[in-house]
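Note that the structure is a prediction, hence the values are computed from the model and not measured.
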Amino acid sequence: MKVASPSPRASITRDARPRRTVDSSIDAAISRKVRRAKPGTVFTPALFAGLGGRAAVDKALQRLVARDELRRLSRGLYDKPRHDPLLGTLWPSVDAIVAALTGKDKLRLQPTGAYAANLLGLSDQVPARVEFLTDGTSRTVKAGPMQIVLKRTTPRQMAAAGRTSGLVIQALRSLGPEHVTPQRLEKLRRSVPAAERRTLLDDLSLAPGWMQPTLRALAADK
């Protein structure tokens with residue numbers, strides 16, 4: 001007796017069912033992580049790599065955007081929006097974006113330029129272009145009105161990354177010697193505890209020559 005072969009339609013249906021099940025499972029897992037996250041958290045597809053392939057994760061994120069559970073900031077960058085009763089929907093913080101960009105790669109970043117000066121209270125300017133030195137790949141990421149710039153640099157420039165000395169050196173470098181005024185140095189004395197200022201001597205050799213007397217003076221102050 002001749003057995004009829006399954007129709008193409010039936011074959012497609014059987015093949016598609018497991019795929020829909022897998023996609024649904026990835027959707028549910030990512031959605032759970034997003035719901036548990038605090039508003040303002042920033043995500044990249046790499047943060048969900050353990051849940052499925054990149055294509056499936058990208059589709060799941062797109063569906064969450066369509067349901068307004070996530071907001072797409074730029075290519076490969078999403079956030080769970082924060083809402084303020086008066087200001088409305090807020091953009092994520094620089095720290096949240098940087099945490100997502102470094103992610104599992106554990107990149108080292110060193111704030112530089114106007115952003116470094118702002119962090120130390122040496123400038124009131126809140127830059128729309130935030131720059132970091134990195135030992136990773138150079139890239140630029142836009143997130144709403146902000147532009148996050150990662151610049152690959154030399155090991156010497158990254159030697160003090162993550163330390164007070166690294167931030168102070170980059171902030172003073174961005175100002176230049178002519179703008180390192182007594183008033184700004186007094187702000188540094190107030191914003192950086194004496195114990196941390198004394199550690200500036202440990203990285204004195206990493207600073208340009210014109211800056212070293214200033215760092216010595218800051219480290220010596222009580």
Visitor: Is the closest side-chain heavy-atom distance between Q157 and Q110 below 4.5 Å?
Guide: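 Heavy-atom side-chain distance check fails, nothing below 4.5 Å.
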Visitor: From H83 NE2 over to L87 CG, what is the distance, rounded to the nearest 0.5 angstrom?
Guide: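 Nearest 0.5 Å value for the NE2-CG distance: 12.5 Å.
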Visitor: Taking the side chain as every heavy atom from C-beta outward, state whether D79 and W91 have any pair of such atoms under 4.5 Å apart.
Guide: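 Answer no - side chains too far apart.
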Visitor: Can any side-chain N or O of R82 pair as donor or acceptor with the backbone N or O of P39 at less than 3.5 Å?
Guide: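 No, because the side chain of R82 does not come within donor-acceptor range (under 3.5 Å) of the backbone of P39.
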Visitor: Out of the candidates I148, V149, L150, only one should pair with V130 under the side-chain contact (heavy atoms from CB on, under 4.5 Å) rule; please name it.
Guide: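 Per the side-chain contact (heavy atoms from CB on, under 4.5 Å) rule, the option paired with V130 is I148, out of I148, V149, L150.
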Visitor: Would you find more than 12 non-hydrogen atoms of other residues, nucleotides or ligands less than 6.0 Å from D84 atom CG?
Guide: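 Counting neighbours around CG of D84, more than 12 heavy atoms of other residues, nucleotides or ligands fall under 6.0 Å, so yes.
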Visitor: Tell me which one of L109, L206, L133 satisfies side-chain contact (heavy atoms from CB on, under 4.5 Å) with M158.
Guide: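 Answer to the side-chain contact (heavy atoms from CB on, under 4.5 Å) test with M158 among L109, L206, L133: L133.
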Visitor: Compare all side-chain heavy atoms of I30 with those of L51 and state whether any distance is below 4.5 angstrom.
Guide: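 They are in contact (side-chain heavy atoms under 4.5 Å apart), so the answer is yes.
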Visitor: Does atom CZ (R75) have a neighbourhood of more than 12 heavy atoms from anything else shown, all under 6.0 Å?
Guide: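 No, because the 6.0 Å sphere around CZ of R75 holds 12 heavy atoms or fewer from other groups.
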Visitor: So does R108 get a backbone contact from the side chain of T134, meaning a donor-acceptor N/O pair under 3.5 Å?
Guide: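 Yes; judged by distance alone, with no hydrogens or angles, the pair exists.
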Visitor: Going by heavy atoms in the side chains, are L61 and P45 under 4.5 Å from each other?
Guide: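 Side-chain contact under 4.5 Å: yes.
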Visitor: I need the I97 CD1 to T102 OG1 distance, nearest 0.5 Å.
Guide: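 Here the rounded value is 12.0 Å.
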Visitor: Return the OG to CD distance between S205 and Q212, rounded to the nearest 0.5 Å.
Guide: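 The OG atom of S205 sits 7.5 Å away from the CD atom of Q212.
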Visitor: Does any N or O in the side chain of S93 come within less than 3.5 Å of the main-chain N or O of A96, such that one atom is a donor and the other an acceptor?
Guide: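 Yes: the side chain of S93 pairs with the backbone of A96.
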Visitor: Check P111 against A116 and note the closest heavy-atom contact, atom names and distance.
Guide: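 Smallest interatomic distance, heavy atoms only, reads O-CB, 3.7 Å.
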Visitor: For S31 and E69, work out which heavy atoms get closest and say how close.
Guide: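 Closest approach of S31 to E69, heavy atoms only: OG-OE1, 3.3 Å.
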Visitor: Does anything in residues 139-148 form a side-chain hydrogen bond (donor to acceptor under 3.5 Å, both in side chains)? List the pairs, not counting sequence neighbours.
Guide: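 Residue pairs with at least one partner in residues 139-148: R129-Q147.
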Visitor: Using only atom types and a distance under 3.5 Å, with no angle test, would you say the side chain of R197 pairs donor to acceptor with the backbone of L218?
Guide: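 Yes, R197 side chain to L218 backbone: donor-acceptor pair under 3.5 Å.
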Visitor: Say you draw a straight line from CE of M146 to OG of S74; how long is it, rounded to the nearest 0.5 Å?
Guide: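 With rounding to 0.5 Å, CE (M146) is 10.0 Å from OG (S74).
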Visitor: What pair of heavy atoms forms the shortest contact from R173 to P208, and how long is it?
Guide: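 Here R173 and P208 meet closest at NH2-CD, 3.8 Å.
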Visitor: Could you please spell out the steps behind the side chain to side chain contact (heavy atoms under 4.5 Å, CB included) verdict for L101 and L77?
Guide: CA-CA 9 Å; L101 292 178; L77 197 65; 4.2 Å; yes
Visitor: How many angstroms lie between atom CD1 of I169 and atom CE of M211, to the nearest 0.5 angstrom?
Guide: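 Interatomic distance, I169 CD1 to M211 CE, rounded to 0.5 Å: 6.5 Å.
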Visitor: Are K187 and Q183 side-chain neighbours, meaning at least one heavy-atom pair lies under 4.5 Å?
Guide: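 The answer is no; the side chains never approach within 4.5 Å.
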Visitor: Can you give me the closest heavy-atom contact between V57 and G52, atom names plus distance?
Guide: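 So the minimum-distance heavy-atom pair works out to CG2-O, 3.8 Å.
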Visitor: Given side chains that start at C-beta, do those of L172 and L215 come closer than 4.5 Å, heavy atoms only?
Guide: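 Contact flag for L172/L215 side chains = yes.
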Visitor: Heavy atoms, side chains only, cut-off 4.5 Å: are L64 and R67 in contact?
Guide: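 Yes, close enough: below the 4.5 Å cut-off.
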Visitor: For the residue pair K80 and V34, what are the closest heavy atoms and their distance?
Guide: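 Shortest heavy-atom contact: NZ-O, 3.0 Å.
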Visitor: Under the salt bridge (charged side-chain N to carboxylate O under 4.0 Å, His left out) rule, what pairs show up with a residue in residues 148-169, not counting sequence neighbours?
Guide: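 Every salt bridge (charged side-chain N to carboxylate O under 4.0 Å, His left out) pair that includes a residue of residues 148-169, provided the two are not neighbours, is E131-K151, R163-D203.
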Visitor: Hey, which of L120, T112, L119 is the one that makes side-chain contact (heavy atoms from CB on, under 4.5 Å) with Q170?
Guide: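 So, applying the side-chain contact (heavy atoms from CB on, under 4.5 Å) to Q170 and each of L120, T112, L119, only T112 qualifies.
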Visitor: Once ring pair (Phe, Tyr, Trp, His ring centres under 6.0 Å) is applied, do any residues pair with F43, and if so which ones, sequence neighbours excluded?
Guide: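 Per chain and number, F43 pairs via ring pair (Phe, Tyr, Trp, His ring centres under 6.0 Å) with F48.
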Visitor: When rounded to the nearest 0.5 angstrom, what distance separates CZ in F132 from OG1 in T153?
Guide: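 The CZ atom of F132 sits 14.5 Å away from the OG1 atom of T153.
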Visitor: Measure the shortest side-chain to side-chain distance between W210 and V180 over non-hydrogen atoms and say whether it is less than 4.5 angstrom.
Guide: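 W210 vs V180: side chains touch.
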Visitor: Determine whether I26 and V65 fall in the same hydrophobic cluster, where Ile, Leu, Val, Met, Phe, Trp and Tyr are linked whenever their side-chain heavy atoms lie under 4.5 Å apart.
Guide: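 Result: yes, single cluster for both.
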Visitor: Restricting to non-hydrogen atoms, name the atom on L122 and the atom on R184 that form the minimum distance, rounded to 0.1 Å.
Guide: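 Reported closest heavy-atom pair: O-NE, 3.0 Å.
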